[in-house]
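Below, all heavy atoms of this structure are taken into account, side chains as well, without hydrogens, waters or symmetry copies.
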Amino acid sequence: ETGHFTYDPGFTSTASTESKITYIDGDEGVLLYRGYDIAELAEHSTFLETCYLLLNGELPNPSQKTSFENSITNHTMLHEQIHFLFRGFRRDAHPMAVMCGVVGALSAFYHDATDYDDPKQRMIAQHRLIAKMPTIAAMAFKYSIGQPFMYPRNDLGYAENFLQMTFGVPAEPYKMSPVLAKAMDRIFILHADHEQNASTSTVRLAGSSGANPFACIAAGIACLWGPAHGGANEAVLKMLEEIGSVDKVGEAVKKAKDKNSGFRLMGFGHRVYKNYDPRAKVMRETCYEVLEELGVKDEPLLKMAMELERIALEDDYFVSKKLYPNVDFYSGIILRAMGFPTAMFTALFALARTVGWISQWNEMIEDPAQKIGRPRQLYTGATQRPYIPLDKRK
Ligand code: SDX
């Protein structure tokens with residue numbers, strides 16, 4: 001006979017995480033990094049300047065900006081031994097599996113950045129992770145297509161370097177498009193941090209036990225991989241390709257309203273935003289720019305996405321449940337147009353979110369009151385009962 005303990009609702013843990021890094025007003029659709037509006041940062045800042053802001057709390061002055069950029073640029077290369085780690089994966093391994101493995105393994109190489117009690121080591125770990133994620137992501141892509149790894153170049157900006165490592169080949173220099181490089185940098189800014197989302201909470205919980213920063217970021221990558229979280233941009237493209245054409249979009253929206261269908265509109269809805277995700281607005285503008293630059297502005301996927309957004313935003317079901325496009329709705333279309341395979345989409349999200357994860361990890365470590373995380377539970381299992389010998393069980 002299983003009974004249930006009665007429990008005092010007061011036990012339900014209402015503890016929330018305190019942070020000074022990112023502010024979201026879900027009802028108003030506002031997102032601020034250290035008090036600066038995401039649309040302004042996307043318009044005027046760069047990803048590395050935004051990294052400095054998230055890590056340090058203020059925009060850098062010219063000399064701080066230069067020394068931070070130099071510190072990142074000079075740590076973009078991986079230990080040569082790590083190339084062998086890549087060779088242990090199957091060529092068709094998902095890039096997120098590779099990133100999880102390689103980032104976790106960084107703690108086996110960079111012993112001077114694992115003592116989280118030492119602020120200097122913490123800073124080295126932060127800079128190393130921000131610097132090496134593009135190299136790791138690009139190598140995961142190159143390995144999957146059987147092309148040679150491209151080394152990072154110190155004469156290029158952060159996003160430009162990532163694009164040349166991803167799409168460049170030794171046989172000929174990569175033809176850089178300033179429009180695409182700027183779009184890539186802006187996409188990184190949009191994904192940099194987002195308060196206590198599932199993967200950031202995972203990084204904080206892992207870090208609260210004293211695990212080294214590389215292992216904590218690997219845990220964040222694992223959590224981000226899920227289709228309900230970082231994997232949604234890959235799922236949006238799969239959804240649009242399954243819908244197939246603009247005239248079938250209405251049917252898909254109808255199906256998404258039927259709970260028994262198990263079908264949800266990927267890239268729509270959010271745990272916090274009950275208004276238009278401010279990142280999705282910038283992403284949509286960036287989508288137009290990139291498709292224009294690539295001469296594919298009548299890309300069918302974009303037309304389907306815009307028609308889906310138009311229908312859903314006029315539909316009572318979505319309006320009443322406050323479901324709007326989120327950051328993932330347009331990003332996949334841009335990345336596909338830029339030449340990334342869908343399997344790389346979440347890897348790019350992880351690349352960009354690393355600065356948010358490591359900033360939140362550092363904020364937690366610096367908090368003197370910090371204790372190991374221990375989420376509370378409400379026990380709803382069997383009450384105590386005597387053991388039943390095997391021959392007495394039904
Ligand atoms: C990210 O947390 C973060 O900040 C995450 C993120 C970040 O930057 O880190 O913003 C990144 O993860 C963006 C979200 C990406 N995921 C997707 O796009 C997947 C599709 N969206 C969902 O599955 C869904 O919207 C969630 C998972 C994001 C949120 O799900 P919830 O918590 O169920 O949303 P909700 O409580 O607001 O849902 C309200 C209602 C529910 O129906 P009822 O129970 O009220 O009857 O709306 C329904 C939901 O079933 N609903 C949807 C829907 N999303 C919610 N119905 C159809 N299509 C959808 N996409």
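Met133 has its side chain out of reach of Phe162: every pair of non-hydrogen atoms, C-beta onward, lies at least 4.5 Å apart. Annotation: side chain of Leu106 is not in contact with side chain of Ile217 (no heavy-atom distance under 4.5 Å). Under the 4.5 Å side-chain criterion, counting only non-hydrogen atoms from C-beta, Met306 is not in contact with Lys303. Using a 4.5 Å heavy-atom cutoff, the side chains of Trp361 and Pro213 are in contact. Side-chain contact between Gln370 and Ile365 is absent, with no heavy-atom pair separated by less than 4.5 Å. Inter-residue side-chain proximity for Leu302 and Tyr288 is flagged as met; some heavy-atom pair is nearer than 4.5 Å. Looking only at side-chain heavy atoms (C-beta outward), Ser144 and Pro95 stay at 4.5 Å or farther from each other. Between Val282 and Ile38 the shortest side-chain heavy-atom distance does not fall below 4.5 Å.
Side-chain atoms of Asn161 never come within 3.5 Å of backbone atoms of Leu156 as a donor-acceptor pair (strictly under, hydrogens ignored). Distance alone, capped at 3.5 Å, places no donor-acceptor pair between the Arg34 side chain and the Glu58 backbone. For Thr66 (side chain) and Pro62 (main-chain N/O), a donor-acceptor pair under 3.5 Å exists by modelled atom type. A distance-only check finds no donor-acceptor pair linking the side chain of Thr354 to the backbone of Ile130 [under 3.5 Å]. Although no hydrogens or angles enter the test, the distance criterion places no donor-acceptor pair under 3.5 Å between the side chain of Arg128 and the main chain of Tyr110. Under the 3.5 Å distance criterion, the side-chain polar atoms of Lys132 are matched with a main-chain donor or acceptor of His75.
When all heavy atoms are compared, the tightest approach of Ile24 to Leu31 is CG1-CD1, 3.8 Å. Contact between Lys255 and Ser261 at its shortest, heavy atoms only, is O-OG, 2.9 Å. Considering all non-hydrogen atoms of both residues, Asn326 and Ala280 come closest at O-CB, 3.5 Å. Taking all atoms of both residues into account, the shortest heavy-atom contact from Ser199 to Gly220 is CB-O, 3.5 Å. Summarising the geometry of His191 relative to Ser331, their closest heavy-atom pair is CE1-CB, 4.4 Å, with the distance given to 0.1 Å. Ala183 and Thr286 make their closest contact through CB-CG2, 3.7 Å (heavy atoms, listed as atom of the first residue, atom of the second, distance).
Here CG of Leu351 is found 11.0 Å from CG of Leu129. Values are rounded to the nearest 0.5 Å. Taken to the nearest 0.5 Å, the CZ atom of Arg353 stands 10.5 Å off from the SG atom of Cys223. Between atom OG1 of residue Thr166 and atom CE of residue Met139 there is a gap of 11.5 Å, rounded to the nearest 0.5 Å. Expressed to the nearest 0.5 Å, how far CG of Leu32 lies from OG1 of Thr22 amounts to 8.5 Å. Atom CG of Leu294 sits about 11.5 Å away from atom CD of Glu289, to the nearest 0.5 Å. Annotation: the span from Cys100 atom SG to Ile221 atom CD1 amounts to 5.5 Å, rounded to 0.5 Å.
The residue from Ile358, Asn362, Thr50 that alone fulfils the side-chain contact (heavy atoms from CB on, under 4.5 Å) condition with Leu55 is Ile358. Under the side-chain contact (heavy atoms from CB on, under 4.5 Å) test applied with Ser177, the options Lys182, Glu293, Met338, Met184 reduce to a single match, Glu293.
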> Should Arg204 and Glu363 be marked as a salt bridge (Lys or Arg N to Asp or Glu O under 4.0 Å) after you check the CA-CA gap, both sets of side-chain angles, and the distance that decides it?
Replying inline: CA-CA 9 Å; Arg204 278 181 172 260; Glu363 182 179 60; 2.6 Å; yes
>> Before you tell me yes or no, could you show the steps for Lys238 and Glu234 under salt bridge (Lys or Arg N to Asp or Glu O under 4.0 Å), namely the whole-Å CA-CA distance, both residues' side-chain angles and the distance that decides it to 0.1 Å?
In response: CA-CA 7 Å; Lys238 282 197 183 103; Glu234 191 175 338; 3.1 Å; yes
>> Show, in sequence, the C-alpha distance, side-chain angles and deciding distance for Phe109 and Phe214, and conclude whether the ring-ring contact (aromatic ring centres under 6.0 Å, His included) test is met.
In response: CA-CA 10 Å; Phe109 287 85; Phe214 303 104; 10.0 Å; no
>> Please evaluate residues Leu348 and Leu335 with respect to the criterion side chain to side chain contact (heavy atoms under 4.5 Å, CB included), reporting the C-alpha separation (whole Å), side-chain torsions for both, the decisive distance (0.1 Å), and the verdict.
In response: CA-CA 9 Å; Leu348 297 186; Leu335 298 177; 3.5 Å; yes
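Atom CZ of Arg91 is surrounded by more than 12 heavy atoms from other residues, nucleotides or ligands within 6.0 Å.
Checked for salt-bridge contact, Glu160 and Arg153 miss the test: no charged N lies under 4.0 Å from a carboxylate O. Using a 4.0 Å cut-off between a side-chain N of Lys or Arg and a carboxylate O of Asp or Glu, Glu69 and Lys65 qualify as a salt bridge. Arg279 has a carboxylate O that lies under 4.0 Å from a charged side-chain N of Asp277, or vice versa, which qualifies the two as a salt bridge. With salt bridges taken as basic N to acidic carboxylate O contacts below 4.0 Å, none links Glu28 and Lys274. In this structure, Arg310 pairs ionically with Glu314, as a charged nitrogen and a carboxylate oxygen lie closer than 4.0 Å. Between Asp315 and Lys257 there is a salt bridge, since at least one side-chain N of the basic residue sits less than 4.0 Å from a carboxylate O of the acidic one. Salt bridge status for Glu307 with Lys248: absent, with no side-chain N to carboxylate O gap under 4.0 Å. Residues Glu366 and Arg122 are paired through a salt bridge, judged by an N-O separation under 4.0 Å between the basic side chain and the carboxylate.
For the residue pair Asn70 / Thr73, no side-chain donor-acceptor distance below 3.5 Å is found, with atom types taken as modelled. Ser45 and Glu49 form a side-chain donor-acceptor contact under 3.5 Å, judged by distance and modelled atom types alone. Residues Arg284 and Tyr276 have side chains that bring a donor and an acceptor to within less than 3.5 angstrom of each other. Asp185 and Thr46 share no donor-acceptor pair across their side chains, judged by distance under 3.5 Å alone. Thr135 and Thr76 share no side-chain donor-acceptor pair at under 3.5 Å. In this model, no donor atom of one side chain and acceptor atom of the other lie less than 3.5 Å apart for Gln360 and Glu195.
Geometrically, Lys322 does not engage Tyr324 in a cation-pi contact, judged by NZ or CZ lying under 6.0 Å from the ring centre and within 45° of the ring axis.
Aromatic ring orientation, His229 versus Phe349: perpendicular (interplanar angle above 60°, classes split at 30° and 60°).
Among residue pairs with one or both ends in residues 254-274, those qualifying as ring pair (Phe, Tyr, Trp, His ring centres under 6.0 Å) are His194-His270, His194-Tyr273, Phe268-Phe318, Phe268-Phe329, His270-Tyr273; sequence neighbours excluded. Residue pairs satisfying the ring pair (Phe, Tyr, Trp, His ring centres under 6.0 Å) criterion with at least one member in residues 25-62, sequence neighbours excluded, are listed as follows: Phe47-Tyr158, Phe47-Phe188, Tyr52-Phe68.
The six-membered or imidazole ring of Phe340 lies near that of Phe167, with a centre-to-centre distance under 6.0 Å.
A continuous path of Ile, Leu, Val, Met, Phe, Trp and Tyr side chains, each step under 4.5 Å between heavy atoms, connects Val253 with Tyr317, placing both in one hydrophobic cluster.
Under the rule for a salt bridge (charged side-chain N to carboxylate O under 4.0 Å, His left out), Asp316 has no partner lying at least two apart in sequence or in another chain.
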